[in-house]
Amino acid sequence: MDSENGNTTVTEFIILGFSSLGHYRPFFFTLLLIIYLAIITGNISISVLILVDRHLHTPMYLFISILSFLEVLYTAITIPSMLMVIWKSKIQISFRNCMLQMYLFHSLGITENFLLNVMAYDRMVAICNPLRYHTIMTAKRYKGLVSGCWLLGFISPTTLVMSTSSLPFCGPNKINHLFCDSSPLLKLACTDTSLNAMTDLLISLCMIILTSLFITFTYVKIILTILNMRSTHGWMKAFSTCAAHLTVVFIFYGSVAFMYVRPNVGYTSELDKMVAINYSVLTPLLNPIIYSFRNQEIKVSLKKFLHI
């Protein structure tokens with residue numbers, strides 16, 4: 001902490017993590033490390049496999065490849081920090097690095113949110129307009145949609161980060177969380193943050209409601225189209241294609257909505273930590289399994305790649 005004109009300014013934070021692990025700390029460190037290695041291996045394998053196999057160079061699989069790449073970046077922002085917190089029981093992080101971690105964490109999460117919407121749109125076009133799919137989902141449109149996801153993802157959290165970084169932090173500097181995030185940081189500010197909390201809530205609420213409504217719209221159209229299909233094979237193929245995406249959507253939106261679209265009162269920090277683990281660790285771990293390895297074309301491509 002620095003002291004200027006009698007006022008103390010926080011220059012670094014202390015991330016506490018789980019304080020009650022005790023002698024189980026090595027076990028949880030090893031478990032999280034194994035999970036992290038599995039996340040990196042699984043998602044990089046999927047991304048590389050799709051890139052090297054030209055038969056998988058369709059928008060659907062290229063979107064999956066980008067999703068896998070996103071998960072690698074997303075976990076690289078938080079899990080190394082979690083590992084250090086678990087091993088040392090607490091770690092120090094500078095004010096600037098804390099704000100950077102929060103910005104990147106939200107940017108990549110929002111990018112994934114928009115990418116899931118683009119993937120829903122892609123499935124809607126493929127199932128509802130199969131004959132026009134290649135004229136609608138052109139390479140130019142695909143690149144535009146992907147670029148839009150990244151652009152919106154990195155622009156959207158600027159208001160949150162700027163408003164949080166401009167708050168006066170002059171007293172406690174212990175973050176009772178697993179990494180730097182807006183909710184635990186607001187509790188440390190030396191001023192009334194009710195307006196900041198309400199603004200964050202409204203922005204998160206609007207973003208999640210609008211994007212989830214779009215996904216609902218796409219799947220209503222998909223379901224209506226599937227119900228009108230006479231071929232059982234076509235019905236099963238369409239359903240299996242969408243089931244994996246819907247599973248990822250439910251896990252992602254369920255965790256994020258519980259964490260960010262609710263009042264900050266009435267919930268313990270320990271519960272927030274468990275929810276944070278769900279969307280920052282379990283979701284990236286499950287994505288390669290439920291979205292890709294269950295896909296028959298990726299299985300065939302993987303066997304060819306491994307010469308099985």
Side-chain angles (χ1 to χ4, degrees), residues 43 45-71 73 108 110-156 207-250 252-253 287-288 290-302 304-305:
N43 283 289
S45 298
I46 291 297
S47 190
V48 170
L49 186 67
I50 291 172
L51 291 176
V52 298
D53 191 339
R54 298 186 63 183
H55 294 96
L56 299 179
H57 285 191
T58 63
M60 182 181 81
Y61 290 109
L62 291 173
F63 287 139
I64 293 175
S65 176
I66 294 170
L67 178 66
S68 296
F69 178 66
L70 257 175
E71 298 292 21
L73 296 179
L108 294 169
I110 294 170
T111 302
E112 181 171 342
N113 176 25
F114 286 121
L115 183 62
L116 289 173
N117 278 258
V118 168
M119 294 168 84
Y121 169 74
D122 174 69
R123 290 301 83 210
M124 181 185 71
V125 175
I127 293 171
C128 300
N129 297 283
L131 298 179
R132 297 181 57 218
Y133 176 75
H134 293 291
T135 59
I136 295 174
M137 194 59 70
T138 59
K140 183 179 180 180
R141 176 162 295 182
Y142 158 78
K143 292 175 183 177
L145 289 170
V146 171
S147 300
C149 290
W150 286 95
L151 185 63
L152 289 172
F154 277 79
I155 289 176
S156 298
M207 185 176 298
I208 291 176
I209 286 177
L210 289 174
T211 52
S212 59
L213 281 176
F214 178 77
I215 290 180
T216 302
F217 166 76
T218 60
Y219 273 98
V220 167
K221 290 199 68 175
I222 288 171
I223 290 170
L224 291 174
T225 302
I226 290 175
L227 291 176
N228 289 325
M229 288 181 178
R230 296 182 180 180
S231 168
T232 306
H233 174 71
W235 186 89
M236 290 298 293
K237 185 177 180 181
F239 178 77
S240 63
T241 301
C242 298
H245 179 258
L246 270 178
T247 305
V248 174
V249 167
F250 281 130
F252 180 84
Y253 276 89
N287 272 358
I290 62 181
Y291 214 141
S292 301
F293 289 132
R294 288 182 59 194
N295 185 288
Q296 192 60 37
E297 290 186 33
I298 288 185
K299 281 183 179 180
V300 172
S301 180
L302 182 61
K304 288 181 180 177
F305 185 75

My understanding is that only one of V118, T111, N287 makes a side-chain contact (heavy atoms from CB on, under 4.5 Å) with L67; could you say which?
N287

For a 4.5 angstrom cut-off between non-hydrogen side-chain atoms, does L70 reach L108?
yes

Apply side chain to side chain donor-acceptor pair (under 3.5 Å) to S156 and list each qualifying residue two or more places apart in sequence or on a separate chain.
none

Do the non-hydrogen side-chain atoms of L246 and F250 ever get within less than 4.5 Å of each other?
yes

Partners of F217 by side chain to side chain contact (heavy atoms under 4.5 Å, CB included), sequence neighbours excluded?
M124, K221

Working to the nearest 0.5 Å, report the span between SG of C149 and CG of L116.
9.0 Å

So among I66, I64, T58, which one has a side-chain contact (heavy atoms from CB on, under 4.5 Å) with I50?
I64

Is the shortest side-chain heavy-atom distance between V146 and F63 below 4.5 Å?
yes

List the residues meeting side chain to side chain contact (heavy atoms under 4.5 Å, CB included) with T211, not counting sequence neighbours, and say none if there are none.
N113, F114, N117, Y253

Side chain to side chain, I215 and Y121, heavy atoms closer than 4.5 Å
no

Correct closest heavy-atom pair for H57 and L51 would be NE2-O, 2.8 Å

N/O donor to acceptor pairs below 3.5 angstrom from side-chain atoms of residues 127-138, sequence neighbours left out:
from: Y133; atom 1: OH; to: D122; atom 2: OD1; distance (Å): 2.5
from: T135; atom 1: OG1; to: R132; atom 2: O; distance (Å): 2.7
from: T138; atom 1: OG1; to: R141; atom 2: N; distance (Å): 3.2

Can you tell me how far CG of L213 sits from OG1 of T218, rounded to the nearest 0.5 angstrom?
11.0 Å

Output for pair (L49 CG, Y61 OH), nearest 0.5 Å, gives 10.5 Å

Partners of S65 by side chain to side chain donor-acceptor pair (under 3.5 Å), sequence neighbours excluded?
S47

More than 12 non-hydrogen atoms from neighbouring residues, nucleotides or ligands closer than 6.0 Å to CZ on F69, yes or no?
no

Could you state the interatomic distance from CG (L73) to OG (S68), rounded to the nearest 0.5 Å?
11.0 Å

Run the side chain to side chain contact (heavy atoms under 4.5 Å, CB included) test against D53 and tell me which residues pass, sequence neighbours left out.
H55, L56, S301

